[in-house]
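Atoms considered below: every heavy atom in the structure, side chains included; atoms not considered: hydrogens, waters and symmetry mates. The residues of the chain are indexed from 1 along the displayed sequence.
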Amino acid sequence: MTNLAVLILRLFLITLDGVTSDMPNDVIGLVASGAVIPDDTIVRLLKQSPPLPSDKPEPVYSSSCKLPPIRNVIDMINEWFLFFHNSPKRQAFFETVLEKCFPDATQVKLKGLCRTRWVERHEAYENFMALIPAAVMTADVILHPHLYETLSFENWSWDKDTKEKANGLASSARRFENIVSFVVQKNSLHPLKGIAAKLQKRDLDIYEAYQRVDETISCLQSYRTNVDEFHSRCYAEVKQVAEEISSVEERPRTVRSQQHRANVPAESTEEYFKRSITIPFLDFLVSEMATRFSEQNRGPVIGIFFPYPQDSCSKAAKH
């Protein structure tokens, strides 16, 4: 039963991450019918290397979302990570800026959105939130060292490629729409962090797992139901970040016809981003979670763990 539990949780997590399993057809048939899987089949599957997630560096729950602001922020976070990660000199300069201008910083390196570890994806959002003011300032110093003469940064020299990338990243980070999208993503995905960590444990009870999934879905639904309150909290955080990195509060111009970006009517900038980013992204998350963990998808898993109705009922009664 232990090996079977490991197998099912493994396949269950692979499905959660949006990856199509290459499970053999004979096993698929056994799973669908609820029949007992032979021990040798379980051992054979457990010895196989797990299929890798998508080659794209962004999380499936965000990359699969078709909202351009969501996808743009995913790309932006990874570009910032690669800017420092691929150059020891840039990373060393970033740490110098942190030491001189942000002495209370507890982190010194930006994180990328990991392709395989779901918890680290959430940590990357928190990490970016903490370090974005320092990252933008680092880009500014690279571009305009004469404005920071009192900090003695003149000894550093930079090539044309570094300056071009720094300019592009700083402009992208200061774009108000990107700040809104980033904060909304971070806060909307926060309830998923706990369940992502717990679902990767080997000894998590299946009923407890589904209970936590339901709690997470309920939390996301409450965000959507009280979207005005949720967006107000996000927007207050957006303004704080914008002030720290010298970004101007603005929204795209609304026109009569637009095909390549959101063009929703709104009386204020805050209302515009609520309609164009917050509401669509929450709807996407709730829909994805409800679909992946629907009653129809739970049936085969419950049937494999508890093939006899009395086992299922007794287990459910304990919870």
Distance from Gln221 atom CD to Thr216 atom OG1, nearest 0.5 Å?
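If I round to the nearest 0.5 Å, the distance is 11.0 Å.
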[X] vs [Y] aromatic rings, parallel, tilted or perpendicular, using cut-offs 30° and 60°?
{"X": "Phe84", "Y": "Trp80", "result": "parallel"}
{"X": "Tyr235", "Y": "His231", "result": "tilted"}
{"X": "Phe128", "Y": "Phe182", "result": "perpendicular"}

Residues [X], [Y]: salt bridge by 4.0 Å N-O rule:
{"X": "Asp75", "Y": "Arg71", "answer": "no"}
{"X": "Glu243", "Y": "Lys239", "answer": "no"}
{"X": "Glu237", "Y": "Arg233", "answer": "no"}

Using the side-chain hydrogen bond (donor to acceptor under 3.5 Å, both in side chains) criterion, which residues pair with [X]? Sequence neighbours excluded.
{"X": "Lys111", "result": "none"}
{"X": "Thr162", "result": "Arg90, Asp159"}
{"X": "Ser181", "result": "Gln185"}

[X] versus [Y]: any side-chain heavy-atom pair under 4.5 Å?
{"X": "Phe284", "Y": "Leu67", "result": "no"}
{"X": "Tyr223", "Y": "Pro191", "result": "yes"}
{"X": "Pro69", "Y": "Val180", "result": "no"}

I'd like to know if the side chain of Glu249 reaches the main chain of Glu270, judged simply by a donor and an acceptor atom lying under 3.5 Å from each other, with no hydrogens or angles considered.
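Absent.
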